[in-house]
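Report on the structure given below.
By convention in this document, chain letters (A, B, ...) are assigned in the order of the sequence lines, proteins followed by strands, and residues within each chain are numbered from 1.
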Amino acid sequence: MSSTDKTPSTPSSSSESLPERLNFIEQEIEKDLALPRMSGRVVTTRFPPEPNGYLHIGHAKSICLNFGLAQSYSGRCNLRFDDTNPSKEEQEYVDSIQEDVRWLGFEWDELHYASDYFDQLFDWAVQLIEAGKAFVCDLNAEQMREYRGTLTAPGKESPYRNRSVEENLKLFQAMRAGEFENGACTLRAKIDMAAANVNLRDPVLYRVLRAHHHRTGDKWCIYPMYDWAHGQSDSIEGITHSICTLEFEDHRPLYDWFCENLKIYHPRQIEFARLNLSYTVMSKRKLLQLVQDKHVSGWDDPRMPTISGLRRRGYTPESLRNFCERIGVAKFYSTIDVTVLENSVREHLNAIAPRVMAVLHPLKVVLTNYPEGQVEMLDAINNPEDPAAGTRQVPLTRELVIERDDFMEDAPKKFFRLKPGGEVRLRYGYVIKCEQVIKDPATGEVTELHCSYDPATRSGSEEGEQRKVKGVIHWVSATHGIEVPVRLYDRLFLNENPEDAPAGKTFLDNMNPDSLQVLTAKVEPSLETAAGGERVQFERNGYFCVDTVDSQPGKPVFNRIVPLRDSWSKIQSQGKTN
RNA sequence: UGCCCGGUGGUGUAAUGGUAACACUAGUGAUUUUGGUUCACUCAUUCAUGGUUCGAGUCCAUGCCGGGUAGCCA
């Protein structure tokens with residue numbers, strides 16, 4: 001990958017200038033720019049996922065940060081897979097991660113794998129042993145835990161800590177050669193068992209682990225630990241600023257110790273707070289559980305906070321980048337309200353999504369004075385926010401469907417839609433008046449409305465436009481509209497913090513049983529040919545996306561991305577309807 | 001109860017010793033052939049107490065509160 005293949009949609013590529021307000025990382029970088037270690041270098045970052053799951057919106061924050069920093073400073077950003085634990089990692093994840101990063105609109109300068117550095121890492125381990133700073137330890141996991149001490153009490157030194165350099169060298173080679181069982185021994189750094197920072201109490205560098213690695217196959221039976229691999233990988237790639245999340249803060253002294261004792265280029269690690277979203281779980285483990293236990297249809301279920309789920313749901317890369325920009329970067333733990341995410345996508349879709357009429361819960365309307373068999377093609381504006389989007393024609397016929405919610409028999413004062421004897425305008429059409437309400441005699445349910453239309457009120461005509469009524473509703477021809485499956489998604493969890501479960505319960509008990517509602521809607525005939533991934537606004541309703549998996553040519557299936565803001569429901573819930 | 005890191009409106013971020021700003025939410029009003037969009041207005045003495053200073057959200061001290069941390073995970 002070269003830095004010249006940036007995708008055109010790369011954010012803020014138009015101007016590489018920094019925003020007037022710098023976040024704390026930018027401020028630190030700014031200070032570092034003059035440092036000797038930056039001489040001859042450009043700001044270089046990396047996004048370092050472990051390929052053990054799909055990327056989620058939290059990773060998007062990190063991606064936007066790392067790639068964004070590189071763009072702001074005309075620097076470079078690599079994609080590096082942190083694949084040091086073959087027991088959890090798979091090629092499927094490697095592929096999905098690359099797809100997701102690209103879809104978000106970023107292109108890496110270099111693609112790397114920590115596993116590319118296994119030989120170098122091994123040599124460095126030998127170097128450390130030779131310097132008397134690492135040793136092979138035969139303690140098992142349980143013993144090591146005992147020797148480590150506690151948060152308040154110092155640890156004690158391993159009985160194997162003082163083996164000779166020669167013996168350590170021989171044993172380490174034997175580890176590599178496969179002469180030990182899994183877990184039989186480890187290579188540890190010799191630092192300080194009394195250190196207040198537990199990470200410095202002779203941390204493990206290598207463990208014996210017989211597992212097939214997705215890249216190196218069966219070449220290795222020892223694998224480096226994160227701490228031993230990460231900083232050195234950064235160093236090899238010339239990363240100037242290694243941005244990671246807060247939980248690695250305590251590891252920084254170790255990161256620094258390795259670079260110093262190996263006498264290699266020393267990048268600077270800077271930590272930031274990871275993203276938390278209300279009504280959402282973000283840990284890979286929990287997302288994996290949702291998938292494995294079939295609470296969702298897969299990693300790309302449109303309700304998932306994964307990048308692939310959001311993509312399938314219909315979110316745009318622009319809206320996600322915008323969201324990441326909006327939430328900021330800081331060092332303290334915070335939770336972003338999901339509505340911020342929802343507003344980001346509304347904002348973008350409002351600008352670009354073509355409007356279309358669709359009735360989700362149809363109620364039949366007969367225009368009693370409209371000639372049978374007559375079809376009028378009415379001009380409809382595709383996007384009021386974008387005149388260049390032009391117009392289209394929608395067929396008006398005698399029999400229509402309207403939204404059930406747009407009719408009320410006993411309407412409160414502030415209900416501006418159809419009521420018995422009341423008038424309303426059919427969007428882009430005529431003013432109609434409700435003359436008769438037909439009900440199912442058995443259940444009392446309203447099954448049909450008989451209305452008259454006023455031919456003098458047609459939209460587009462001068463005198464027709466003059467007729468103002470309070471309400472305008474959308475509609476679809478009962479005879480010309482087509483039926484399509486529509487999936488209404490709601491948040492996956494009922495609780496703002498899904499982890500917040502009573503004793504004995506888990507986040508799974510907080511799942512929203514109604515997070516998916518499937519119905520059949522009646523939509524404009526023009527939608528028959530909508531292609532997978534296409535996004536539209538169902539007027540007065542919400543933004544929808546043609547599902548890329550379940551749609552067939554001529555048979556689109558719609559996913560609701562996000563509903564429109566709805567001030568009427570707010571008025572209702574506040575009881576201000578009169 | 002060691003070590004590390006944090007505490008600024010309902011939420012999230014700014015203010016780098018000099019008038020607490022921006023965005024979102026919420027509320028009110030205006031516009032509107034989407035109860036959408038857009039526009040206007042309203043909403044904080046910065047965890048607490050001391051100290052330094054002409055002046056402190058910012059510096060210092062103490063306290064309180066929150067988070068991370070004892071994998072051969074990352």
Side-chain angles (χ1 to χ4, degrees), chain A residues 20-24 27 48-50 52 82-85 87-89 114 137 139-141 144-145 148-155 182-188 195-201 203-209 222-223 225-227 229-230 244-253 271 273 278 284-285 325-337 339-340 343-344 346-347 350-351 355 357 381 384-385 414-417 424-429 431 459-460 464-465 467-474 537-542 563-572:
Chain A
E20 52 304 332
R21 286 203 167 102
L22 303 185
N23 64 46
F24 82 98
Q27 292 174 16
E50 182 189 11
N52 68 344
D82 227 327
D83 54 353
T84 57
N85 184 359
S87 62
K88 291 182 175 177
E89 295 151 7
C137 181
L139 254 27
N140 64 34
M144 201 179 292
R145 198 177 317 126
R148 188 158 33 233
T150 68
L151 292 179
T152 51
N182 285 356
C185 56
T186 56
L187 182 74
R188 301 173 68 181
N197 183 339
V198 188
N199 292 119
L200 263 15
R201 319 241 261 231
V204 172
L205 270 34
Y206 277 93
R207 75 279 214 186
V208 179
L209 177 60
I222 58 172
Y223 288 94
M225 299 291 291
Y226 165 87
D227 287 307
H230 203 94
C244 64
T245 45
L246 251 28
E247 66 268 29
F248 293 104
E249 208 154 22
D250 287 342
H251 294 241
R252 179 153 31 95
E271 311 84 12
S278 61
K284 278 192 200 174
R285 204 203 95 237
E325 188 64 38
R326 195 165 287 181
I327 58 177
V329 184
K331 283 198 78 159
F332 59 84
Y333 182 92
S334 64
T335 301
I336 310 286
D337 199 311
T339 58
V340 177
N343 286 325
S344 295
R346 281 197 190 101
E347 185 180 309
N350 176 52
R355 316 287 130 122
M357 291 199 285
I381 294 166
E385 306 293 319
K414 286 193 182 166
F415 184 80
F416 302 146
R417 288 113 90 148
V424 80
R425 178 178 287 278
L426 295 178
R427 178 96 156 132
Y428 300 122
V431 172
S459 294
E465 299 269 321
R467 179 68 176 284
K468 301 290 181 193
V469 288
K470 196 77 177 164
V472 177
I473 63 172
H474 63 277
Q537 182 196 101
F538 288 176
E539 286 213 40
R540 301 208 308 132
N541 210 311
L564 249 32
R565 277 204 187 86
D566 183 2
S567 53
W568 169 242
S569 72
K570 210 176 283 177
I571 290 167
Q572 279 182 306

OP1 or OP2 of [N] sitting under 4.0 Å from any side-chain N/O of [X]?
X	N	result
A:T84	B:A74	yes
A:R540	B:G35	yes
A:R207	B:A74	yes
A:R148	B:C72	yes
A:K570	B:G35	no
A:Q27	B:A15	yes

Find the partner of [N]: check Watson-Crick (N1-N3 plus N6-O4 or O6-N4) and G-U wobble (N1-O2, O6-N3) distances, both under 3.5 Å, and reply none if neither fits.
N	value
B:A70	none
B:U8	none
B:A48	B:U62

Quiz item: A:E385 side-chain donor-acceptor pair to B:G36 base, under 3.5 Å:
yes

Should the side chain of A:Q537 and the base of B:U34 be counted as holding a donor-acceptor pair, with the cut-off at 3.5 Å?
yes

Nearest listed nucleotide, side chain of [X], among [options]:
X	options	value
A:K88	B:U33, B:A74, B:C73	B:C73
A:T152	B:G2, B:C72, B:G67	B:G2
A:N343	B:A14, B:U25, B:A74	B:U25
A:K331	B:U1, B:A74, B:C5	B:C5
A:S567	B:G36, B:C24, B:C73	B:G36
A:F332	B:G36, B:A74, B:U13	B:U13
A:T186	B:A70, B:C72, B:U34	B:C72
A:D250	B:U33, B:G36, B:U69	B:U69

Ring-on-base stacking B:G35 with A:F416 (under 5.5 Å, under 30°)
yes

Decide, applying a 5.5 Å centre-distance limit and a 30° plane-angle limit (both strict), whether A:Y226 stacks on B:A74.
no

For A:I381 and A:Y428, what are the C-alpha separation, side-chain angles and deciding distance, and is it a side-chain contact (heavy atoms from CB on, under 4.5 Å)?
CA-CA 9 Å; A:I381 294 166; A:Y428 300 122; 3.5 Å; yes

Here the gap from A:R188 atom CZ to A:R201 atom CZ, rounded to the nearest 0.5 Å, amounts to 11.0 Å

Rounded to the nearest 0.5 angstrom, the CG-CZ distance for A:N140 and A:R145 is 9.0 Å

Select base, sugar-phosphate, or nothing to describe what [X] touches, counting heavy atoms under 4.0 Å on all strands.
X	answer
A:K414	base
A:S334	sugar-phosphate
A:E50	sugar-phosphate
A:H251	base
A:V329	sugar-phosphate
A:A141	base
A:S87	nothing
A:F538	nothing
A:P48	nothing
A:E249	sugar-phosphate
A:L564	base
A:I571	base
A:L139	base
A:R145	sugar-phosphate

Could you tell me whether the side chain of A:H230 reaches within less than 4.5 Å of the side chain of A:P48, counting heavy atoms only?
yes

A:F332 side chain near A:L246 side chain, heavy-atom distance below 4.5 Å
no

Should we say atom NZ of A:K470 is surrounded by more than 12 heavy atoms from elsewhere, each under 6.0 Å from it?
no

Going by the side-chain contact (heavy atoms from CB on, under 4.5 Å) test, name the single residue among A:T186, A:L187, A:D227 that passes it with A:V204.
A:T186

